[in-house]
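In what follows, every heavy atom counts, from backbone to side chain, and hydrogens, waters and symmetry copies are set aside.
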Amino acid sequence: MDELAINPWLALGLICACLLLSAFFSSAETAMSAASKARMLALEGAGDRRAGIVSRLLDTRERLIGAMLVGNNIVNVGVSAFATTLFVSVVGPEGVIYATAIMSVLIIVFAEVLPKTVAITRPEQTALVFARPIALVVALFGPVLIAVEAIVRGVLRLFGMRIKENQNVLTGAEELRGTVDLMHKEGSFEKLDRDMLGGILDLRDLTVEDVMVHRTKMVTIDASDAPEKIVRDVLAAPYTRIPLWRDTPENIIGVLHGKDLLRALAAVGGDLSKIDPSSLALPAWFVPDSTSLQDQLKAFLRRKTHFAFVVDEYGEVMGLVTLEDIIEEIVGDIKDEHDVQVTGVRPQADGSVNVDGSVPIRDLNRAMDWRLPDEEATTVAGLVIHEARSIPETGQTFTFHGFRIQVLRRQRNRITAIKITPLDRVN
């Protein structure tokens, strides 16, 4: 230390070197924490060897961050020692005060804030540039880090915390959803794109019961009707596939396809007395209401069919689900020239929204960009009944989940119209 005291240039050179190393460790830590592993895997697949190094480092993220912290602390302690020696040799004992003040500013600005700002602005590019030096540092500090990890895990275990190696707090789907939401808030992702990606991620969490057409809204035909009436009903229906029932509407015997009926009519020269619509019906396919949309989509593709009936645990028909219903969960409502345009969501001038009770909560959330919960109920009316713990009367008002809910109309035991007002719009 005496040599350093009489050679201020050497001490100054060591200070600058330590500041540069501290800036390296700070920027490397930030870049590695913010770098996208998916992006690194894509670059690795394109032949970038540095991306492969980054991917392997991210697989041992805990050890990586530990190496950066150890290196950063070593050089920060070193730069403080060298600066103190330099200032004491120049101005005497009060040099300790000058060294503390000046080095605090230099470390905060040039070794912490500045390099971390650069790294967070371009995390992938910075991680690629520093890939090989970081890998060398991690290998160099390997034995030290193993000991540090063991000590940390042992201390945490004393407090009842057990940390698994490379444990992630969020699942991959949650991380992707959070990234998409953040990009939407920042303006780089449109709402439609966010909803589509969110719909894909939701497929495994939703069941066919959440998207099915309820049996009260199903268009069905009595198989015992005269062929003339069946043909008229098929032509009048807005769908190409119509369920057939016999004796009772719950006794579904098959699905009549409009094209099959037209082919049969053409084959007999249009003579309705020569066709039997029931014989043309395809077998009915029944699926349990607990089937996830992801599994049902795979089943539709595997069976090469687009239509299934949903049954409860007692085997009773609850409704029907189609391939289009599942696709709409991803891309939004699909309309064609034969669809009836009934959305059931009517925004008002005062900021409130009049909603039909049968509107699905997910559709309302998408239309208004709200976040009403849909775990306990599928429709808006079901949510009101769940929160009220009863069937409300017309005119009753409730406040929950950041909204004021007023029942506008009720028919028997069904809530048919609701007024929803965000609390920030309430006067």
Side-chain angles (χ1 to χ4, degrees), residues 173-174 177 195 198-218 287-297 308-314 316-322 324-330 332-333 342-348 352-423 425-426:
E174 290 171 334
R177 191 191 305 276
D195 291 343
I200 294 174
L201 296 174
D202 288 338
L203 288 184
R204 69 172 57 192
D205 299 324
L206 296 173
T207 64
V208 292
E209 182 183 4
D210 295 321
V211 303
M212 70 179 184
V213 177
H214 195 267
R215 63 171 178 263
T216 58
K217 295 185 177 181
M218 287 170 46
V287 298
D289 58 353
S290 59
T291 305
S292 72
L293 292 190
Q294 186 178 57
D295 292 338
Q296 187 60 42
L297 177 60
F309 294 97
V310 181
V311 296
D312 61 16
E313 58 184 315
Y314 301 104
E316 297 293 329
V317 175
M318 301 174 61
L320 62 87
V321 62
T322 66
E324 182 178 312
D325 294 327
I326 299 178
I327 293 176
E328 285 182 341
E329 285 301 309
I330 302 174
D333 200 19
V342 179
T343 61
V345 179
R346 298 172 294 278
Q348 305 299 305
S352 64
V353 180
N354 290 347
V355 183
D356 293 347
S358 59
V359 170
I361 299 171
R362 287 176 55 80
D363 291 352
L364 178 61
N365 283 340
R366 277 192 172 188
M368 304 305 301
D369 204 17
W370 290 346
R371 293 187 179 275
L372 286 169
D374 58 358
E375 293 83 8
E376 302 296 338
T378 302
T379 65
V380 179
L383 176 63
V384 174
I385 293 174
H386 171 75
E387 295 294 337
R389 299 288 188 255
S390 64
I391 303 177
E393 299 292 339
T394 300
Q396 277 192 268
T397 301
F398 306 90
T399 300
F400 51 78
H401 304 301
F403 296 88
R404 176 172 292 178
I405 312 293
Q406 181 181 6
V407 178
L408 298 180
R409 188 167 58 253
R410 167 182 166 178
Q411 295 178 354
R412 302 183 65 181
N413 292 328
R414 294 175 56 198
I415 299 175
T416 58
I418 303 167
K419 181 179 181 180
I420 304 178
T421 308
L423 290 182
R425 299 291 185 90
V426 177

Calculate, to the nearest 0.5 Å, the distance between atoms [atom1] and [atom2] belonging to [X] and [Y] respectively.
X	Y	atom1	atom2	value
T322	Q296	OG1	CD	10.0 Å
R346	K419	CZ	NZ	12.5 Å
I418	N354	CD1	CG	10.0 Å
D289	E313	CG	CD	7.5 Å
E328	R366	CD	CZ	9.5 Å
L206	I326	CG	CD1	10.0 Å

| task | Could you tell me whether the side chain of R410 and the main chain of P392 form a donor-acceptor pair under 3.5 Å? | result | yes
| said: Test: ring-ring contact (aromatic ring centres under 6.0 Å, His included). Region: residues 377-401. Which pairs qualify, not counting sequence neighbours? | reply: none
| task | Evaluate side chain to side chain contact (heavy atoms under 4.5 Å, CB included) for H214 paired with S358, printing each intermediate quantity in order. | result | CA-CA 10 Å; H214 195 267; S358 59; over 6 Å; no
Side chain proximity check, [X] to [Y], heavy atoms < 4.5 angstrom:
X	Y	result
R215	V310	no
L383	I405	no
I420	S352	no
D363	V345	no
T207	L293	no
D210	D374	no
D202	E329	no

| remark: Heavy-atom closest pair (Q406 atom, T397 atom, distance to 0.1 Å) is CG-OG1, 3.7 Å
| query | Residues two or more places apart in sequence or in another chain: which of them pass side chain to side chain donor-acceptor pair (under 3.5 Å) with T399? | reply | none
| request: Any chance you could lay out the side-chain hydrogen bond (donor to acceptor under 3.5 Å, both in side chains) test for T421 and R404, step after step, and finish with the verdict? | output: CA-CA 5 Å; T421 308; R404 176 172 292 178; over 6 Å; no
| request: Answer with yes or no whether the side chains of R204 and S292 bring together a donor and an acceptor at under 3.5 Å. | output: no
